[in-house]
Amino acid sequence: MKNISIKWGTLFLLIVIVLAGCSSSASNNEGAENGGDSEAAQELTYATTSDVVGLSPIDTNDSVSSAMIEQVYETLFIRDPETMEIKPHLAESYENPDDKTWVIKLKEDIKFHDGTPFNAEAVKYTFDQFKSEERAAPRASLLEPVDSIEVQDEYTVVIKTKEPYGPLLAALSHTNASIVSPEADESGDLNQNPVGTGPFVFEEWEQGDHVTLKKNEDYWKESPQLNTVTMKVVPEYSTAVSMLQTGEVQFVDAIPTEQLPRLESMENVDVEQREGTPVYYLGFNMNKEPFNNPEFRKAVSHAIDREAYVNQLNGLGVKNESIIGPKVFGYNEEAKDAGYSYDPEKAKQIIEENGFKGQELTLLAANRDSYMKMAEIVQAQLTNVGINAEIETMEWGTFLDTTTEGNFEMTFLGWSNSTADGSELLYPNLHSNNIGSSNRMGYNNSEFDKLVEASRTTVDQEERKQKLHEANMLAIKDGIWIPMHHGVVTAAYDQSVKGLQLDPTGQWSLYNVHRE
Amino acid sequence: MIGLIAKRFLQLLLLLVGISFLVFMSMHLAPGDPATIIGGPTATESDLSAIREELGLNKPVLIQYFEYVGGVLQGDLGYSFQNNQGVAEAIATRFPQTLNLAIGSMIVAVIIGVPAGIISAIKQNSWFDFSSTTIALAGISIPNFWLGAMLILVFSVQLQWLPVGGLSAPFWTIEGIKQLILPAITLGTASAAMIARMSRSAMLEVIRADYIRTARAKGVHNNTVIWIHALRNAMIPVITVIGLNFGFLLGGTIITEQVFAINGVGRLMIDAIAARDFPVVQGTVLLVATLFVVVNLVVDIVYAFVDPRISYE
């Protein structure tokens, strides 16, 4: 028997020695990385919970792909993250000879990563592809009002729209409207081998694992400071946080509420939060009784304490009763408290008067933590006023299908609003043209439709703002959506990372980033 | 023996036809349309029908199935709906990581499970026996995602001995082994516990057998009795459990791959299910089913070699 104990003892010792060896070599490595650090390694690893779908701005439509596309490609215009004004980027300037014509002058002497010159032909090629039915670009609707794109001279392009189209500049500043190298697109697959004009050049994509980008040495402005950028797929957010803590990654974004306290307690990590453009709402199916009854919607709205709901988000949400959020073009302070605020007595009164007492209903929620939380809180608050709500949860793919088909009563959803323009919020979600697809609630109000159309067909930006405000007020009064909260965009990064700027749309550029 | 193998391969083929049909139908009949997921929340009806046309989803389901099977028979597993990558290629780039993880876990399971079970049996009802059976019970009950998260917190975040994520380095390098340790323990624990319990009961049965008593009566040294005479016979049922567990480990890596950010077949499958990427789901399920059956066949063959009493004629 003694023999056996000795063997076990030896084995245990061996394991300890091996592990100790591991630990000392690990700290040695760290020393090498951080020790002689007059020059910090200009490398950055970003962790994301899902992989990019592809790297072609024309053929993708998801936020992770956009995050990488943003670093490789550029758009004609960009929205200044501070002022929210749109300004030229690859474009030099523009003018409107009439309401339907946009003459855009381009910057000269810019080259794509493959050496192809950036010029009016490239812009025309990109947008023609974007609109091509064969290509079936998922965001084709952005340029749907565009009638033609013409090359006037090498650096001037003329865009003609069918009707006057106010949000054109916002659409052209959308990541998906980035300009691609025509040469690279014709000879290969941009999803696999992206070629743009941006500060970083594509190096490698190992599907499911990582995307690597390298510094663009021939960038048309000063070259970026980072030499290498890696996007690493880490499906579990808590694993990504651990990797941030140990220094295996330096940057994560879109922080879930429950991870915020842990990140904030970490000494080597800075957390950034700023008010953003996303809106999360409770919506009613307008094709079902009693959800199409404005009195019912009013009662529900009075029953929900959004203040209390927002308070449990750890600061990752802002209460505002406006559908168009404070960081979105078309917002007016007047809309802030224009909804039917929390007043359970009033809710009970409306319920009593209209015979809604004991109404049974189902709250449909996608099985993501944030939506399920909303559903639980709303369920409890509806019970308080005498409405019996059940919760039904669904996997995301099934949820999208079910809501598009209109098989729900009340549901929760969000809109990230990546153009930060109110027309791009109200038109797809609430205009009657989109019933059966993106207008999931089936909202149909001709007065509202006219205002939204006017906001799209007016080129004068002040007038557009006014029209959007009016449309917004109308939808708020109709109680079609109850905004649960307006999003706060977030990022957490290692303290050695400097110069990262978070856009209110949740996107970011690594152009100005360096490590110290 | 050859007859057995031939028969098993025939069974395998039938099984694969059955599985492919079930998976194909359940994916196509389940709610959730790949086109709506690819198009996203903003897609219009015309966008969606263009996408369906491109993916060939507007044909009758049975026709689609026969086209798929025809392709598979010619070695063509199809292309991902999401990114157009070949399914065979996608699986080939990820399978090594899954295999690496499964073998690592198997080694952990055997190294811990077999000695623990044997010592428990020899020292039946001792403190070692009680604690090892209790730990074994805990090992089977602890969920992988929790164990993985805890190991990361202790060994990576607090002690900083081992890295958190990925199996990016090749397994024969020091870095590769360090990356493998935590995921292998996470995935291997439940199997270790099962193997320990099986080894314990097999060993208990054997050391009470007549021939062991005879050997002892003849004055053979205790260690020789246990490690030479008893162990060989006790290992026969254990080999079966180890084999079955290996099949289970190969198909059961999903959660461990998620927690440790390992780019393996399990994650490929789960991502494909969420995206309704039918060809990828079918390809990965077929792979896992095939592996499971093949592993079982190998176990049966090994069994016949280890135990001369067993014959498949």
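All chains are named by letter (A, B, ...) in the order of the sequence lines, taking the proteins before the strands, and each is independently numbered beginning at 1.
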A/Thr60 (side chain) donor-acceptor with A/Val53 (main chain) under 3.5 angstrom | no
Identify which part of B/Ala149 has an atom lying under 4.5 Å from any heavy atom of chain A, answering side chain, backbone, both or neither.
-> neither
Do any N or O atoms from the side chain of A/Asn434 and from the backbone of A/Tyr427 form a donor-acceptor pair under 3.5 angstrom?
-> yes
Given the options B/Glu257, B/Arg94, B/Gln82, which has more heavy-atom pairs under 4.5 Å with chain A than any of the others?
-> B/Arg94
B/Arg276/A/Asp401 ion pair, N-O < 4.0 Å | no
For the pair B/His28 and B/Phe278, name the ring-plane relationship: parallel under 30°, tilted 30 to 60°, perpendicular over 60°.
-> tilted
Any donor-acceptor pair under 3.5 Å from B/Ser126 side chain to B/Asp129 backbone | yes
Identify which part of B/Leu153 has an atom lying under 4.5 Å from any heavy atom of chain A, answering side chain, backbone, both or neither.
-> side chain
More than 12 heavy atoms from other groups under 6.0 Å of OH on A/Tyr237 | yes
When the 4.5 angstrom heavy-atom criterion is applied to B/Gln97 and chain A, the contacting part is side chain
Options A/Thr402, A/Thr239, A/Asn439, A/Val52, ranked by heavy-atom pairs under 4.5 Å with chain B, top entry | A/Thr239
Counting only heavy atoms closer than 4.5 Å, note whether A/Glu395 contacts chain B via side chain, backbone, both or neither.
-> side chain
Using non-hydrogen atoms and a 4.5 Å limit, figure out which bit of A/Ser242 sits close to chain B: side chain, backbone, both or neither.
-> both
Check each atom of A/Asp209 against the heavy atoms of chain B and say whether the ones under 4.5 Å are side chain, backbone, both or neither.
-> both
